[in-house]
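Notes follow the structure.
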2 protein chains.
Amino acid sequence: MPLDVMGLFFFAYRDFVGDADALLERQGFGRAHHRVLYFVNLRPGMPVADLLDILKITKQSLARVLRQLVDNGYVEQKTGETDRRQRLLYATEKGRGLFETLSATQTSRIEAAIAALPPEGKRTVLRFFVGMVEPEDRGLLDRLKLTEEL
Amino acid sequence: MPLDVMGLFFFAYRDFVGDADALLERQGFGRAHHRVLYFVNLRPGMPVADLLDILKITKQSLARVLRQLVDNGYVEQKTGETDRRQRLLYATEKGRGLFETLSATQTSRIEAAIAALPPEGKRTVLRFFVGMVEPEDRGLLDRLKLTEEL
DNA sequence: AATAAATGTCAACAAGGCTGACATAAATTT
DNA sequence: AAATTTATGTCAGCCTTGTTGACATTTATT
């Protein structure tokens, strides 16, 4: 059993998400807000349904977090042009700023970890991650343009 | 910004921990119970303080989860021999069985992901994980013997 | 004998998951 | 045109698993 992979995966993720926690708390936000900010920054104009699919949470859970982000001016919703039922999500200038602040420590942690690897290290790690994702969701990774280095 | 690493890390961890969720629910347990089972299986005889340090949660949070595991016969506590204040944690036969059931799908997912990598792939991934962990906790990884393949 | 350490316990609270029910506007189908 | 489906929102209540603070017990250390 690859117990070492399981354990190190746990520790690595624990410290990866922990980076932003102190900063988030100052805004009265939590990890759920961070995840939304990440995806809204990554692909501006994403409809609510896509975000639900990605986060694999219920619309009621998302609604709570999203409302706080909208009310505080970090995210804005625009009616879709082709389908006017959709609410497309965009980070505001303020939202992009917060996301960059939250990402700063995560970025240096990731870059340092990759810099210590052999030449093809980053590609190998990314391929491992893709391999861990449910096959039916791998197309989503492509659509989000997360697999362009592979 | 290594946005791709952040995103793929999220998806990979989401599906990794998701594997056990359905099985856990049948026992009335959650992810917190799984984490405890993992470490107690990995290093039997671990004192409570070490587990608190690893999980980075409060003793009150751990106590609730631990009590359920003990009450249901998955974990047992033995008084430490050298220091009789300690309660050393051991998985029972039942606890080891549940852990193996929970790990089965995770194990195949990990092994498939690694099999698709180049020869040194597993080492590279493990080194990345270690690099993501807080330097002050890397000694703990060694003590848990999670870094033996490196 | 006094203090510190390892653990447990009670109580109250918060974040962020969940379900179920219902509402509205816009698109699609019949 | 009417009926249905889709995308989204909202209200209400529940659960797990985090949190803090206070206090108790047993054992080790000073």
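Order of the sequence lines fixes the chain letters, A, B, ..., with proteins taken first and strands second; residue numbering starts at 1 for each chain. Side chains are part of it too, since the values below use all heavy atoms of this structure and drop only hydrogens, waters and symmetry mates.
Put simply, the side chain of A:V40 does not reach to within 4.5 Å of the side chain of A:M46, judged on heavy atoms. The shortest side-chain heavy-atom distance between B:D50 and B:R43 does not fall under the 4.5 Å cut-off. In this structure, B:M6 and B:M1 have side chains that are in contact, with non-hydrogen atoms separated by less than 4.5 Å.
Rounded to whole Å, the distance from CG on A:D83 to P on C:dA26 is 10 Å. Atom CG of B:L52 is separated from atom P of C:dT9 by 14 Å (rounded to the nearest Å). We find that CG of B:D50 is positioned 11 Å from C1' of C:dA6, with the value rounded to whole Å. The nearest whole Å value for the distance from the CZ atom in B:R85 to the C1' atom in C:dA6 is 6 Å.
Here ring pair (Phe, Tyr, Trp, His ring centres under 6.0 Å) pairs that include residues 124-150 of chain B, with residues two or more places apart or in two chains, are A:F9-B:F129. Applying the ring pair (Phe, Tyr, Trp, His ring centres under 6.0 Å) test to every pair with at least one member in residues 39-68 of chain B, sequence neighbours left out, gives these pairs: A:F10-B:F39, A:F11-B:F39. Within the structure, ring pair (Phe, Tyr, Trp, His ring centres under 6.0 Å) pairs that include any residue of residues 41-66 of chain B do not occur (at least two apart or interchain).
Residues forming a side chain to side chain contact (heavy atoms under 4.5 Å, CB included) with A:V17 (at least two apart in sequence, or on another chain): A:Y13, A:R31. Looking at residues two or more places apart in sequence or on another chain, you find a salt bridge (Lys or Arg N to Asp or Glu O under 4.0 Å) between A:D83 and A:R85. With sequence neighbours left out, the salt bridge (Lys or Arg N to Asp or Glu O under 4.0 Å) criterion links B:E120 to B:R123. Residues meeting the salt bridge (Lys or Arg N to Asp or Glu O under 4.0 Å) test with B:D4, sequence neighbours left out: A:K122. For the salt bridge (Lys or Arg N to Asp or Glu O under 4.0 Å) test, residues two or more places apart in sequence or in another chain that qualify with A:K56 are A:D137.
Contact record, A:A32 with A:V65: CB-CG2, 3.7 Å, taken as the closest heavy-atom pair.
Of the residues in residues 13-23 of chain B, none has a non-hydrogen atom less than 4.0 angstrom from any atom of DNA chain C. For the segment residues 53-81 of chain A, residues with any heavy atom less than 4.0 angstrom from an atom of DNA chain C are, sorted by number, A:K56, A:I57, A:T58, A:Q60, A:S61, A:R64. The stretch residues 24-46 of chain A has no heavy atom under 4.0 Å from DNA chain D, so no residue of it qualifies as close.
Where DNA chain D meets chain A (any atom under 4.0 Å from a heavy atom), the bounding nucleotides read 5' to 3' are D:dT6 to D:dC11.
Using modelled atom types and a 3.5 Å distance limit, the side chains of A:Q68 and A:Y74 yield no donor-acceptor pair.
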